[in-house]
Structure formats: C-alpha cells, structure tokens
Amino acid sequence: MAKQVIKVPDLGGADQVDVIEIAVAAGDTVAEEDALIVVEGDKASMDVPAPVAGKILSISVKEGDKVSEGDVIGEIEVEGEGQSDDDSAEEPAEEKSEAPEEAASEPAEEPSKEASSAGGEEKEEELKVPDLGGADAVDVIEISVSAGDEVEEGDALIVVEGDKASMDVPSSASGTIVSISVKEGDKVSTGDVIGKIKTLSAGESGGGEAAPAKSKSAESKPADAPAPAAASEAEAPQEAPKRDPHLERDLTVSAEVYAGPAVRKLARELGVTLNKVKPTGPRNRVTKDDLHAYIKEQVKKAESGSVGVGGGIGIAPMPEIDFSQFGPVNVEPMSKIHKLTAANMSRNWLNVPHVTQFDDADITELEDFRKAMKAEAEKRGVKLTPVPFLLKAAAAALREVPSFNVSLHNDGEHIVKKDYVHIGMAVDTPKGLMVPVIRDVDKKGLYELAEEATAMAIAARDGKLKPRDMQGACFTISSLGAIGGTGFTPIVNAPEVGILGVSKLAIRPEWNGKEFEPRKMLPLALSYDHRAVNGGDAGRFLTYLAGVLADVRRLLL
Ligand code: CAO
C-alpha cells in the first residue's frame with residue numbers, strides 16, 4: 001500500500017482560507033472525492049476532496065487553521081495498487097488546478113476592456129457567472145436580489161452550488177439590478193449571463209463579468225475566482241449576517257444558514273430544513289453531527305408520538321403497511337395533481353378548525369323553472385344544471401352576509417373582508433380534483449355562469465387550466481349531485497372561508513301545514529373555518545342561500 005500526501009487543491013485564486021470543518025479522522029476509509037475538510041473564504045465554502053480512495057493516515061490541520069493551495073493537510077494510504085510516491089500525489093491537485101487557472105485568466109482581461117470603454121455615463125451591463133474553478137453546470141440554489149434592487153459591487157446576486165462547493169456570485173459593479181434571468185433550480189456555467197445591471201457610474205464599474213469575486217484581502221486580484229477568497233480576521237465573524245440580507249423566506253437549503261456543501265447536500269437528501277438545525281460548529285456552522293443529532297431527535301419525537309404539539313398530544317406517525325401480505329396489490333404512482341391535493345387536504349384539515357352545518361333546500365320550484373328553461377338554454381348552447389343556480393345563490397348569500405365573505409389573515413390577528421365574489425367549483429377529472437374559480441359571480445347571469453362553469457369543467461378535464469384560473473376564490477362549491485349520496489362534509493379550501501357540499505336531490509314528503517306533499521329537497525352541507533367566522537355568520541349565510549334556492553325570485557331583490 002502506498003502513502004500519499006493530501007494537499008489543498010486549486011482554490012480559484014483565493015489564499016489563506018479558513019478550515020471550518022474536519023470531516024474525517026485518522027483511520028477513516030474514504031472514497032475518491034469524499035470531503036476531507038471544509039474550507040471557507042470570503043465568498044464561498046468548499047469541500048477539500050480526497051484525491052484518491054483509501055484510508056486516512058492523518059489530518060494535520062484543525063478547525064480554525066488557515067490554508068492555501070498546495071498546503072499539505074494530511075496523509076492517505078492509497079487503496080489497491082499503489083501509485084507510490086509523493087510526486088504522483090501532487091498530480092490530482094495540480095491536474096485540477098490547470099483548467100481553473102486558465103479560466104481564471106480570462107475574466108481578468110474582459111473587465112479591463114469594458115472599463116476602458118466606459119465613458120462615465122450610466123450604462124447597462126450584463127452580469128455573468130465568473131470562473132467556477134473548473135466546475136460546470138452548477139445549480140442555482142438561491143436568488144438573492146431582484147429587479148430594482150440597489151447593489152454594491154461584491155454583493156451576492158445568486159448562490160450557486162456544485163458537488164463540492166457553494167458560492168455567492170457577487171455583483172461586478174454597483175448599481176441597480178435591471179433583471180435576473182435565472183431562477184432557482186437552473187444550471188449555470190462560467191460565463192453564463194445571469195442578468196443585467198444599470199451601473200451608477202460606468203467609470204467606476206468593473207465591466208460585464210459578474211463575479212470578479214474580489215477577495216477582500218486581495219484587492220490586487222480582481223480576476224480571482226469566487227471560490228474561497230480569504231476573509232481577513234476582522235471581517236470573518238461578520239460574514240454570516242452579511243451573506244444575504246434579502247433572504248428571509250423558509251428555504252430547504254438556505255444560504256443564510258452556515259453549512260458546508262456536504263452538509264447541505266446531506267440535508268437535501270434527508271429533506272431537512274437546515275435553519276431548523278441547531279449549529280454547534282465554529283461561527284454557528286451546522287456540522288454533520290448537528291444534522292445527525294437533529295434527525296435523531298426528530299425520530300425520537302415521532303416514535304413517542306409527540307411531534308408538533310405540546311403536552312404529548314401529537315399526531316402519531318402512520319404505520320408502514322405491506323398490503324401485499326393481505327392479497328395481490330398493484331402499487332401505482334400518484335398523479336401530480338393527486339399528490340398536491342393530498343398535501344393541501346392534510347394541510348387544510350389540520351390547520352382549519354372545521355364545523356359543518358347542514359340544511360335542505362326545497363328546490364321544487366327551481367327545478368320546474370330550470371326544466372322550463374332547458375330548451376331555451378340548449379338553443380343558446382348552454383346546459384342549465386343546478387350548478388349555475390348554486391353559484392348565483394352562493395354569490396347572493398356572500399353579498400347578503402358580508403361577515404361571511406372573509407378570510408383569516410396570515411398573521412392570525414386580522415380578518416380580510418372581501419368586496420369581490422369569486423367562487424371555486426370542484427371538478428372531478430381523471431387526473432384528480434381541480435378547482436377552477438369563476439370570478440365576479442355576483443355580476444353574472446345564469447346563462448353566463450352556466451357557460452363559464454361548463455367551459456371551466458372542460459378546461460379542467462383537458463388539463464388546460466392556468467394557475468390563475470384556480471386562484472382567488474372566496475368560497476367553493478363541491479357538487480356531487482350528479483353522482484349521488486345524501487350528504488358529505490367537505491374540507492375547506494383554505495384560505496377560503498368555507499365550502500358548500502351539494503348532494504343529490506331527493507323527493508321527500510314535506511309537511512305544508514295541512515298535509516305532506518312531495519318536494520324536491522337538495523341536501524346542503526356547509527363546512528366553514530371557525531377561526532374566521534362563527535356559527536351565527538355561517539347559519540345566516542346557509543339559511544339565506546337555501547332561501548334563495550327555494551325561491552329564485554329573491555335573486556331579483
Ligand atoms: N341532484 C340531482 N341531479 C343533479 C344534481 C343534484 N344535486 N346536480 C346535477 N344534477 C344532474 C344535472 O342536472 C345533470 O342532469 P341532466 O343532464 O338530466 O340535466 C346531471 O346531473 C349531470 O350534471 P353534470 O355533471 O353534467 O353537471 P353539473 O353542473 O351538475 O356538475 C361539475 C358540473 C363540474 C360540478 C361536475 O361535473 C363535477 O365534476 N362534480 C364533482 C365535484 C367533486 O368531485 N366534488 C368533490 C370534491 S371533494 O373530493
């Protein structure tokens with residue numbers, strides 16, 4: 001077995017970067033490219049990978065040390081046939097360093113060309129991905145700015161992540177972002193245009209290359225790659241908060257969280273939101289151990305059934321069941337819509353305290369009227385089913401009881417009162433449940449609603465609905481009348497206030513004060529969000545709605 005020294009590879013021009021994590025210890029067996037240590041400079045953190053597969057004999061650096069390209073960080077016993085000596089040991093690092101060095105020399109020239117042509121006027125420049133130190137097609141994991149943002153030269157524009165490193169792509173100039181033409185999930189390579197910037201003063205700008213990633217401690221090397229550039233001692237502790245002032249959203253992998261690429265990758269694989277993990281590494285860095293400790297804690301909680309809710313009354317995890325032990329089964333993948341519906345239903349069911357109130361609307365006269373109008377409707381090319389009447393009646397009830405046309409605000413402290421009446425209509429499609437939204441229902445006539453409802457149902461079944469067609473409803477109607485059933489309790493489509501479940505009409509004997517007479521009764525079930533409205537509002541709403549259905553002349557009032 002041959003020994004080989006392990007050296008720090010090309011750092012894309014950066015120098016004296018911090019060792020922030022030691023990922024292996026003597027005696028560990030590693031595969032080629034496994035992370036050995038994590039280093040971090042001004043603009044990026046990067047794994048130093050094993051040059052070959054083998055057994056770690058020693059690691060000669062510790063957290064907090066500073067290293068540069070070519071520094072020895074340990075020794076490895078090469079697996080299998082030995083390329084024996086230390087000379088060959090240098091090859092991996094050097095081989096890798098060739099391409100990046102060449103690439104790094106290109107951007108150095110371009111900015112100066114641009115700068116010389118700058119005439120002191122405002123101008124628009126392209127923002128490009130700088131030298132990625134040999135990496136290619138790296139993932140855009142975060143967009144840190146948007147059009148209109150003012151940025152300083154060196155501010156992070158996007159964060160990219162390759163196999164071994166994540167890094168900010170900094171702005172090449174100070175100015176106003178005109179556009180960012182990439183999005184999270186895109187892949188970019190050195191030289192790709194990622195957006196445009198209007199420079200405050202072209203004379204000061206460094207030119208079109210987006211990321212000279214100037215090392216703050218090495219101003220003389222503007223062409224250095226964005227890979228770890230050294231932070232001075234004084235700057236280092238401030239780096240984390242400075243890293244992304246724009247980012248406050250909940251991301252699975254957030255650049256605001258301090259973690260090396262290997263930890264980020266592992267977190268992604270495990271589906272862990274990194275900012276939930278308690279960091280114990282230097283400068284609040286999340287380490288692999290932190291991630292493992294977090295997972296252990298979550299598993300323990302799940303097993304004890306105490307996830308999510310205090311006092312030990314949580315949601316017990318679903319047991320894993322092998323159905324094939326009971327008989328033959330065929331396991332098929334769920335459609336995208338089905339999966340989305342399942343997630344939304346769980347979310348709504350668990351978040352919204354539901355109450356369901358029932359009523360029967362006497363639609364005997366409505367049905368007589370509908371049948372009388374059927375021929376005329378057909379001449380106009382529309383099908384007059386009970387659905388347009390239900391839409392019209394619900395709209396009238398939302399107008400009559402405005403305290404019901406509301407949503408609970410995200411902050412849980414406000415009620416959003418709506419002065420519009422958009423109503424969703426649940427449509428059963430082969431791919432799953434879809435809920436297109438008919439806008440301004442209160443302003444439309446029955447024929448118009450019948451036409452729109454039919455068109456929406458067809459679009460839903462043909463998969464032609466656009467996201468906007470399914471947004472903005474105040475309330476939803478779910479009609480299973482054509483299918484059957486005497487009643488069901490629908491789930492509120494939050495943040496809407498409620499949903500009306502309509503079942504199949506039945507002819508029933510109703511007491512008219514003197515005798516029983518056969519009446520066409522339509523079963524209605526109103527589920528509502530009891531955080532947003534109380535039973536009084538819901539009761540008034542449903543009673544008014546049933547009253548309108550019983551006497552459609554009330555729609556004229
Ligand atoms: N009682 C009795 N008959 C009814 C009825 C009711 N409540 N509602 C409709 N019908 C009748 C219609 O009048 C029509 O009969 P005719 O052809 O004789 O006039 C027939 O049933 C078929 O109606 P339709 O389905 O063509 O049209 P619709 O307007 O009733 O419904 C739509 C349209 C899109 C709501 C419906 O097709 C649909 O997809 N419903 C399912 C909604 C759903 O899945 N909800 C559950 C959500 S939670 O999982």
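Whatever order the structure lists them in is the order used to number ligands and atoms, beginning at 1. Residues take their numbers from the sequence shown, with the count starting at 1.
Heavy-atom contacts of R370 reach the following atoms of ligand 1: 13 (O), 19 (O) (cutoff under 4.0 Å). Below 4.0 Å from some heavy atom of V387 lie the following atoms of ligand 1, by number and element: 28 (P), 29 (O), 30 (O), 31 (O).
The nearest protein atom to atom 26 (O) of ligand 1, hydrogens excluded, is given as K383 NZ, 3.1 Å; this is a heavy-atom distance.
Under 4.0 Å from ligand 1, not a single heavy atom of A453 appears. When heavy-atom distances to ligand 1 are checked against a 4.0 Å cut-off, I491 has no atom that comes that close, whether in backbone or side chain.
Heavy-atom proximity to atom 44 (O) of ligand 1, evaluated over V435, L522, D428, is greatest for D428. In the candidate list L433, T385, L384, T385 is nearest to atom 27 (O) of ligand 1, counting heavy atoms.
Between the side chains of S527 and T356, at least one donor-acceptor pair of N or O atoms lies under 3.5 Å. A donor-acceptor contact under 3.5 angstrom links the side chains of K418 and S407, judged on distance only.
Where the criterion is an N or O separation shorter than 3.5 Å, residue side chain and backbone included, L505 meets it with respect to ligand 1.
Within the structure, ligand 1 has R461 among the residues with a heavy atom less than 4.0 angstrom away.
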Could you walk me through whether D290 and K278 pass the salt bridge (charged side-chain N to carboxylate O under 4.0 Å, His left out) test, one step at a time? CA-CA 7 Å; D290 296 337; K278 191 171 164 223; over 6 Å; no

